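Notes for the one structure printed next.
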Amino acid sequence: MSFIDTVFAATNSLLSGALNTILSALFAIIIGTISGILLGFLLCYANRYFRFPVRLYVDIIRGIPGLVTLFSVYFFLGYFLQGYGIDLSPLISGIIALSAMCAADVAELTRGALQSIPQGQTEAGKAIGLRFDQIFFKILFPQAAVHILPPWVNTATEMVKGSTLLSLIGVSELLLTANQLVATNGNALSYYSLIGLIFFLLNSLIQFLGARLEKRLTFFTRIKGDY
Amino acid sequence: MPELILEIRDVEKWYGVNKIFEEVSLEVNSGEVVSIIGSSGSGKTTLLRCVNLLESFQKGSILIDGNEVGYHTVEGKRKRLSEKTIAHQRVLTGMVFQSFNLFPHMTALRNVTLGLIKVKNMNKEEAEEIGRKWLERVGLSDKLASYPSQLSGGQQQRVAIARAVAMNPKIMLFDEATSALDPELVGEVLNVIKQLADDGTTMLIVTHEMHFAFEVSSKVVFMDAGKISAVGTPHEIFIEKKSPRLKEFLANFNV
């Protein structure tokens with residue numbers, strides 16, 4: 001059988017591999033982004049008793065390899081939850097680990113972006129009588145989003161790439177599927193090129209959507225006047 | 001009979017161990033324009049920021065329209081009010097900052113209407129009508145849809161004035177409103193302030209523009225080394241220059 005024929009023959013396993021890759025990355029990005037923004041907010045505005053554990057979490061997750069985080073979740077958290085009768089599947093473990101990594105990155109991005117906004121913005125909001133929540137949602141966050149977005153696109157693509165780690169705990173995502181095909185059919189270069197192309201296309205899509213969103217969010221930074 | 005709008009009673013402010021000012025007392029009646037002059041570090045900007053509660057202060061009290069703001073006394077102890085209550089009280093004052101502080105992601109009109117909608121609970125149409133009216137008053141009726149980055153410094157500061165005055169405060173506070181502007185843009189902003197003064201707006205102005213202070217003020221306060229060193233009519237302050245320290249300070253300006 002030619003390479004093309006084997007690819008067609010393996011369409012189902014490749015599709016389910018792609019599905020697992022997309023699912024784990026997508027959930028990690030969504031969960032990680034929402035919780036990361038929340039953690040970043042705490043890093044900026046919470047009192048030190050809340051700030052300290054968040055700081056510790058962010059620094060630890062960012063300071064250790066993703067694989068270690070993944071194994072910790074799968075083996076330790078999995079073992080721990082088993083005691084309560086909860087079975088942590090490899091895919092769920094993988095999503096938890098990737099989300100944890102994404103959250104730590106986004107927390108740091110959010111903190112940096114919020115802190116880069118001049119104090120005068122908050123004061124101007126206060127001066128017209130706005131409450132803190134109004135200042136945050138109407139004034140600070142829309143401006144912070146502009147700073148968060150470009151590196152966030154980077155984090156999102158890292159999640160897609162990082163999802164390959166899940167092959168090591170037995171999630172049949174794209175890499176593990178390719179490994180299995182190579183083991184059966186050989187022709188390593190072709191199979192790895194194929195999944196490489198799929199990863200490239202996935203991340204191109206993220207970058208395309210990110211660029212469009214960035215254009216919409218940052219319009220006010222680009223218009224220059226003719227006064 | 002002039003109505004007492006702002007009353008500062010024996011206020012004292014510390015940053016840690018550094019005393020910024022003490023024994024500051026000042027009264028502003030409705031329709032009055034009071035200017036605060038003095039060298040950098042004399043505490044005049046900090047005093048202004050205390051009035052709209054952006055700064056805390058350790059002693060004394062500030063009353064706006066007869067009501068104490070920022071603090072209350074519980075069982076003999078002086079306590080700062082909750083941020084929510086303070087947010088309500090800030091509506092009594094309108095603040096114009098040295099660095100404009102317009103919201104860069106909103107149009108000029110939206111900058112003005114945000115507070116009207118969110119704080120005064122107006123609907124969009126009412127708010128925009130008031131916003132348009134004030135932007136017209138400051139000469140920017142053709143810039144309603146412009147973003148701050150499309151406006152000159154002078155135009156930005158005029159939007160900031162419209163934003164503050166549209167909230168219909170009891171007193172307007174100007175914190176060196178022209179200090180960040182190119183010299184050629186200072187005039188247009190001072191004209192807007194003067195126009196507001198002529199309309200009877202009560203104002204407390206921190207400024208380095210001595211000619212302006214002389215022309216527009218009903219009362220001038222000279223702050224020096226954390227105290228009010230002299231208070232008087234513009235004539236008493238700028239012409240008679242009663243104290244030696246005031247003479248020395250004013251010698252730096254061509255007045």
Side-chain angles (χ1 to χ4, degrees), chain A residues 37 41-42 44-48 50-51 109-110 112-150 152 210-227, chain B residues 49 51-55 82-107 110-120 140 142-143 145-156 160 163-167 169 172-173 175 180 185:
Chain A
I37 288 173
F41 175 84
L42 290 176
C44 273
Y45 302 113
N47 68 33
R48 58 194 159 130
F50 280 96
R51 218 163 50 221
L109 297 181
T110 305
L114 284 171
Q115 285 177 351
S116 73
I117 298 169
Q119 189 60 32
Q121 290 291 310
T122 305
E123 290 183 351
K126 283 180 176 175
I128 53 173
L130 295 175
R131 294 188 312 265
F132 177 72
D133 58 309
Q134 296 171 323
I135 293 174
F136 181 77
F137 286 111
K138 290 286 164 190
I139 299 170
L140 301 180
F141 193 72
Q143 294 183 62
V146 172
H147 297 286
I148 295 172
L149 194 62
W152 177 84
R212 281 191 53 163
L213 194 58
E214 195 182 329
K215 228 173 180 174
R216 272 185 56 174
L217 282 180
T218 63
F219 68 95
F220 69 87
T221 64
R222 277 175 288 111
I223 40 175
K224 280 289 169 271
D226 48 338
Y227 47 82
Chain B
R49 290 167 59 86
V51 173
N52 82 338
L53 307 166
L54 286 176
E55 299 280 351
S82 73
E83 276 305 310
K84 208 176 152 190
T85 312
I86 285 180
H88 281 299
Q89 295 180 339
R90 285 203 182 99
V91 182
L92 299 169
T93 58
M95 179 89 165
V96 176
F97 298 89
Q98 183 177 346
S99 49
F100 330 139
N101 297 343
L102 290 184
F103 309 129
H105 55 304
M106 297 178 187
T107 61
R110 183 98 174 95
N111 263 278
V112 180
T113 58
L114 180 69
L116 296 171
I117 293 169
K118 292 288 159 191
V119 179
K120 299 237 157 173
L140 293 172
D142 57 335
K143 299 290 182 188
S146 299
Y147 284 86
S149 61
Q150 294 171 295
L151 301 174
S152 72
Q155 291 169 334
Q156 288 189 52
R163 176 175 71 181
V165 82
M167 297 295 288
M172 284 287 292
L173 311 170
D175 180 16
L185 301 176

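Below, each value reflects all heavy atoms present in this structure, side chains not excepted, and no hydrogens, waters or symmetry copies. Note that the structure is a prediction, hence the values are computed from the model and not measured. Naming: A, B, ... by sequence-line order, numbering from 1 per chain.
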Side chain to side chain, [X] and [Y], heavy atoms closer than 4.5 Å:
{"X": "B/Arg49", "Y": "A/Glu123", "answer": "yes"}
{"X": "B/Pro104", "Y": "A/Gln121", "answer": "yes"}
{"X": "A/Arg131", "Y": "B/Lys84", "answer": "yes"}

Heavy-atom closest pair, residues [X] and [Y]:
{"X": "B/Leu54", "Y": "A/Lys126", "value": "CD2-CD, 3.8 Å"}
{"X": "B/Arg90", "Y": "A/Gly129", "value": "CB-CA, 4.3 Å"}
{"X": "B/Asn101", "Y": "A/Ala124", "value": "O-CB, 3.4 Å"}
{"X": "B/Lys118", "Y": "A/Leu130", "value": "CB-CD2, 3.6 Å"}

Problem - Side chain B/His105, main chain A/Lys138, donor-acceptor under 3.5 Å - result: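 Yes, because the side chain of B/His105 sits within donor-acceptor range (under 3.5 Å) of the backbone of A/Lys138.
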
Handout entry: Per-residue contact mode, B/Ser99 against chain A (heavy atom under 4.5 angstrom)
Key = neither

Exercise for the section: Pick one of side chain, backbone, both or neither for B/Phe97, based on which atoms fall under 4.5 Å of a heavy atom in chain A. Expected result: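 Answer is side chain: those atoms of B/Phe97 sit under 4.5 Å from chain A.
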
Problem - OH (A/Tyr45) with more than 12 external heavy atoms under 6.0 Å - result: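 Counting other residues, nucleotides and ligands, OH of A/Tyr45 exceeds 12 neighbours.
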
Handout entry: Among the listed options B/His88, B/Arg163, B/Lys120, B/Met106, the residue most often paired with chain A at heavy-atom distances under 4.5 Å
Key =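 The option with the most such pairs is B/Arg163.
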
Exercise for the section: Sort out for me which of B/Leu92, B/Leu114, B/Asn52, B/Leu173 touches chain A most, counting heavy-atom pairs under 4.5 Å. Expected result: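 Looking at each option in turn, the highest pair count goes to B/Leu114.
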
